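Working notes, structure below.
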4 protein chains.
Amino acid sequence: MPVISAKRMQDRHDSILGAAREAFAQRGFEGTSIADIARAAGVSDGLVYRYFQNKRDLLNAVLTEFYERTMVDLEAIAAREAPFEVRLHGIIHRHIEAFVLEADACRLFISEVRTAADYQGSAVQQLNRRYTSILVRIIESGIAKGVVRSDIDIRLVRDVIFGAIEHRTWAAVNGRPLDIDATAAGLVQLLRFGLMARPEGEA
Amino acid sequence: MPVISAKRMQDRHDSILGAAREAFAQRGFEGTSIADIARAAGVSDGLVYRYFQNKRDLLNAVLTEFYERTMVDLEAIAAREAPFEVRLHGIIHRHIEAFVLEADACRLFISEVRTAADYQGSAVQQLNRRYTSILVRIIESGIAKGVVRSDIDIRLVRDVIFGAIEHRTWAAVNGRPLDIDATAAGLVQLLRFGLMARPEGEA
Amino acid sequence: MPVISAKRMQDRHDSILGAAREAFAQRGFEGTSIADIARAAGVSDGLVYRYFQNKRDLLNAVLTEFYERTMVDLEAIAAREAPFEVRLHGIIHRHIEAFVLEADACRLFISEVRTAADYQGSAVQQLNRRYTSILVRIIESGIAKGVVRSDIDIRLVRDVIFGAIEHRTWAAVNGRPLDIDATAAGLVQLLRFGLMARPEGEA
Amino acid sequence: MPVISAKRMQDRHDSILGAAREAFAQRGFEGTSIADIARAAGVSDGLVYRYFQNKRDLLNAVLTEFYERTMVDLEAIAAREAPFEVRLHGIIHRHIEAFVLEADACRLFISEVRTAADYQGSAVQQLNRRYTSILVRIIESGIAKGVVRSDIDIRLVRDVIFGAIEHRTWAAVNGRPLDIDATAAGLVQLLRFGLMARPEGEA
DNA sequence: AATGAATGAGCCTTCATTCAT
DNA sequence: AATGAATGAAGGCTCATTCAT
């Protein structure tokens with residue numbers, strides 16, 4: 001039987017997590033100390049270790065929370081009934097948005113977690129897979145409907161989309177804002193008909 | 001008259017640089033200590049500072065050396081006389097190769113340097129620009145020849161290509177090998193004609 | 001509720017401060033390492049930084065403590081109702097005593113702090129000013145009472161007294177003892193009537 | 001038989017010594033590295049050790065040179081035939097001048113040498129004794145001539161003069177200039193007749 | 001004679017983590 | 001349950017001194 005109420009525990013948990021998100025975003029993982037986080041959360045250093053195993057665990061928790069929050073939106077878009085192009089555009093648009101609005105979390109993931117030795121097989125990797133698989137399912141349904149070429153390499157398309165957005169957004173992270181609408185539209189257009197000029201000028 | 005021969009100095013320089021490349025690749029920048037590098041290079045801690053200003057400088061040197069080495073190949077490909085598709089394929093192929101063969105350097109760049117606060121305006125950023133500009137010039141020449149649609153967003157294409165390869169190769173970095181030829185061919189194909197199925201079935 | 005008692009904290013503080021005073025006195029500021037001090041105080045290196053901001057701060061604390069302790073006596077003497085000569089003698093005597101009994105602190109101040117670039121405007125300089133101003137006020141009251149020549153340069157007198165004692169005591173610091181009474185008496189005598197032989201033989 | 005000429009050796013010696021004086025003056029003893037000095041002197045690090053045993057020895061040499069240079073003037077003043085007051089004033093004036101013009105050397109002596117463990121019995125201490133003994137001889141001759149009270153403590157007078165000047169000049173070292181003439185005159189006046197107001201108003 | 005490459009000890013400070021209170 | 005004092009290892013960097021060339 002807990003000595004403090006479950007709600008109080010949840011509040012503590014959340015404020016530590018929030019403080020960590022903030023701090024990691026601003027100063028990076030190595031640049032943030034547990035004392036920083038504890039102070040921002042209004043608790044003692046020691047208490048952090050009651051809620052999280054260690055600093056690394058806290059980082060994972062921050063990213064897990066980000067993924068789960070963002071994924072709700074993406075899955076809603078994927079579940080919607082709409083033509084292939086609309087759903088593709090929707091998911092690309094929302095993903096760019098996530099990158100732009102939560103650039104800090106993305107940067108954390110890219111520079112601190114994805115490269116870590118223990119990333120393979122981690123919970124965060126599972127989440128990342130679920131995240132990207134949403135896009136994969138959309139493309140699969142496009143193929144099923146005959147809108148997308150069946151000989152396409154789905155995983156390659158996935159990497160093209162996520163990779164392009166990551167690259168694209170990076171500049172925006174440090175400085176001038178990114179035009180989300182234009183970028184989403186441009187990417188969809190490029191994906192639909194490719195680079196090549198065509199006599200018939202269809203695209 | 002130098003106290004040691006130029007060759008000996010070059011050797012020292014190279015062994016420190018090599019040890020640093022190895023160590024950074026395996027344990028990351030923060031995870032590597034100067035003592036680690038010195039030990040691996042068979043020199044004293046202090047000597048590292050005779051050849052490199054500080055730890056950060058050593059990281060820059062590792063990446064500069066990688067970029068310059070790889071860029072020689074890329075520029076040769078870009079300079080070749082060949083149809084657009086051939087040159088595009090060539091450069092994509094070589095870039096994937098670089099990623100696969102020197103995954104360590106790429107990982108370093110991505111996770112330690114590109115995200116650093118002082119990346120903007122740094123020498124490494126200059127090199128990265130030169131690197132990516134090779135691809136940009138190929139696309140421009142494709143437009144000039146009328147092979148590529150003139151309304152294409154070149155910077156978006158660049159981000160698609162580099163981003164896709166980065167994402168794609170990531171899996172290969174940790175574990176199973178990547179089929180370089182297939183990946184290059186698939187990416188070129190996707191870029192040429194896009195995702196969409198076509199009645200004429202040209203692609 | 002504090003984790004350890006206030007007394008225990010005070011003890012820690014004092015033992016670190018004491019160890020620092022001892023170590024600085026024996027080996028100078030640069031010659032003393034934090035590890036030396038921690039070992040002598042029976043604590044870990046890290047704990048020193050919980051009680052003092054850094055090494056420099058520790059030095060300031062040592063000197064502040066010395067000044068404040070000594071100043072209590074000096075101010076009591078200055079506040080006493082007594083003829084000018086008595087008060088002058090009292091303060092000179094006590095100042096010499098401080099120099100002799102706490103030669104280490106004086107040496108520290110003279111050789112490590114007063115010459116430092118950041119001395120001007122520092123807290124220690126404030127204390128030093130308060131310290132010397134006690135003497136200045138006594139001389140001023142001597143002038144007010146008509147016992148001391150009104151055309152005297154008070155700051156020069158101050159420098160004569162403190163400078164002389166500093167010089168004088170220096171020998172005593174390293175080796176043979178100084179006769180405090182004789183020195184105080186001699187200095188007062190010299191200050192009262194100067195060097196010159198006088199026909200009337202008054203002095 | 002030396003492989004290089006004695007003159008060349010002397011030049012080397014002097015340029016190293018000069019570079020050291022400059023560097024110590026500007027950055028202090030601890031703040032100056034042998035490499036700094038070697039660079040400024042236009043020689044290699046190693047060569048410094050052919051001319052001086054170690055860094056400490058170099059500091060001693062700098063101060064010895066200063067003392068010897070200044071002492072020539074002082075001894076000339078002491079040797080002059082003149083009334084006591086004139087000679088006393090002359091030597092005080094010249095000493096203040098030395099302090100003001102070569103504040104750096106004085107600061108070095110005060111903060112780096114006089115406090116060192118090996119000062120007692122050192123060559124620099126010998127020089128310091130010779131330096132101060134010049135003043136002592138002047139006072140003795142004043143006593144012999146009956147101008148100075150015979151019951152005066154000569155060593156105390158010496159400490160008063162040198163101590164006062166040291167204290168006085170210190171402020172001048174960091175900032176506003178010191179009026180050498182006024183200070184010398186004021187000190188002589190104070191020493192001659194003391195602090196006390198006198199009915200006859202002789203002083 | 002002269003160089004300067006090489007050494008390696010040393011130092012201040014930070015901080016994740018533990019545990020007595 | 002909560003605190004925060006305490007630990008102690010680790011790390012980047014400097015520099016006096018030596019000695020092979």
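The model shown is predicted, which means the values in this text are computed figures rather than measured ones. Naming convention: chains lettered A, B, ... in sequence-line order (proteins, then strands); numbering from 1 in each chain.
At whole-Å resolution of the value, CG in A:Asp57 and P in E:dA16 are 14 Å apart. Atoms CD (B:Glu30) and C1' (F:dG11) sit 11 Å apart, rounded to a whole Å. Going from atom CZ of C:Arg12 over to atom C1' of F:dG4 covers 13 Å, rounded to whole Å. With rounding to whole Å, A:Asp45 atom CG is found 9 Å from F:dG4 atom P. When rounded to the nearest whole Å, the span between CD1 of D:Ile16 and P of F:dA16 equals 15 Å. The NZ-P distance, from C:Lys7 to F:dA5, rounds to 17 Å in whole Å. Here E:dT17 presents its C1' atom at 14 Å from CG of A:Leu58, a figure rounded to the nearest Å. Taking atom CE of residue A:Met9 and atom C1' of nucleotide F:dA1, one finds them 10 Å apart after rounding to whole Å.
Residue-level contact check: B:Ile34 touches the backbone only, with heavy atoms under 4.0 Å from sugar-phosphate atoms and none from bases.
No donor-acceptor distance shorter than 3.5 angstrom exists from the side chain of C:Glu65 to the backbone of C:Ala61, with no hydrogens or angles considered. In this structure, D:Asp14 contributes its side chain and D:Asp11 its backbone to no donor-acceptor pair below 3.5 Å.
Relative ring orientation between B:Phe29 and B:Phe24 is described as tilted, the plane-to-plane angle lying within the 30° to 60° band.
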Residues C:Asn128, C:Tyr67; criterion side-chain hydrogen bond (donor to acceptor under 3.5 Å, both in side chains); working and verdict: CA-CA 8 Å; C:Asn128 184 257; C:Tyr67 264 116; 2.6 Å; yes

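C:Phe66 is listed as a side-chain neighbour of C:Arg69, based on a closest heavy-atom distance under 4.5 Å.
E:dA5: Watson-Crick or G-U partner is F:dT18, with both key distances under 3.5 Å. The partner of E:dT14, taking Watson-Crick or G-U wobble pairs whose two distances both stay under 3.5 Å, is F:dA9.
Place C:Asp36 and D:Leu47 on DNA chain E by their nearest nucleotides, and D:Leu47 ends up nearer the 5' end. Comparing D:Gly46 and C:Arg8 by the nucleotide of DNA chain F that holds the closest heavy atom to each, the one mapping nearer the 5' end is C:Arg8. Heavy-atom nearest nucleotides on DNA chain E were determined for D:Ser44 and for C:Arg56, and the one closer to the 5' end corresponds to D:Ser44. Judged by closest nucleotide on DNA chain F, A:Val43 is the one of A:Val43 and B:Tyr49 placed further toward the 5' end.
Side-chain proximity of B:Tyr51 to the nucleotides E:dA5, F:dA16, E:dT17 is greatest for E:dA5. Which of F:dA2, F:dG12, E:dA16 sits closest to the side chain of B:Lys55 comes down to F:dG12.
Distances shown here put every side-chain N or O of A:Arg50 at or beyond 4.0 Å from the OP1 or OP2 atom of F:dT3.
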